[in-house]
Amino acid sequence: MSQQTLTNRLAEMVAETEAAECYPQVRAAMRVAGGAWTREVALTLALAALTGITLDENTLIYADVRDLMALQRRLRRAVAAS
């Protein structure tokens, strides 16, 4: 599975999970922003849901794409360790 396919699938998982309901302000920002930021937030939320980690909503809203990618690396390590 390619990285883009994985990213798209995880983004779809976020939309389907209860975790999406835990971040109403982030979900609202995702509807407005679109593009790369929305994909990266969706992937970050999916990885957080897999690990059971709760993220700070304000941090997500004000994070740029590079911050989100760095957080994803840490979350992937947590998934791999579990």
_Using 0.5 Å steps for rounding, measure from the OG1 atom of T44 to the CZ atom of R76._
8.5 Å
*Between CD1 of I53 and CG of L71, what distance do you get to the nearest 0.5 Å?*
8.0 Å
*Quick one: closest heavy-atom pair of L75 and A48, and the distance?*
CD1-N, 3.9 Å
_Among residues at least two apart in sequence or on other chains, which ones pass side chain to side chain contact (heavy atoms under 4.5 Å, CB included) with R77?_
R74
*asked:* By the definition side chain to side chain contact (heavy atoms under 4.5 Å, CB included), identify the one residue from L45, T38, L43 that meets it with V41.
replied: L45
*Output the distance between atom CG (L47) and atom CG (L68), rounded to the nearest 0.5 Å.*
11.0 Å
For residues 59-66, which side-chain donor-acceptor pairs fall under 3.5 Å, sequence neighbours excluded?
| from | atom 1 | to | atom 2 | distance (Å) |
| --- | --- | --- | --- | --- |
| T59 | OG1 | D56 | OD2 | 2.6 |
| D64 | OD1 | R66 | N | 3.2 |
| D64 | OD1 | D67 | N | 2.8 |

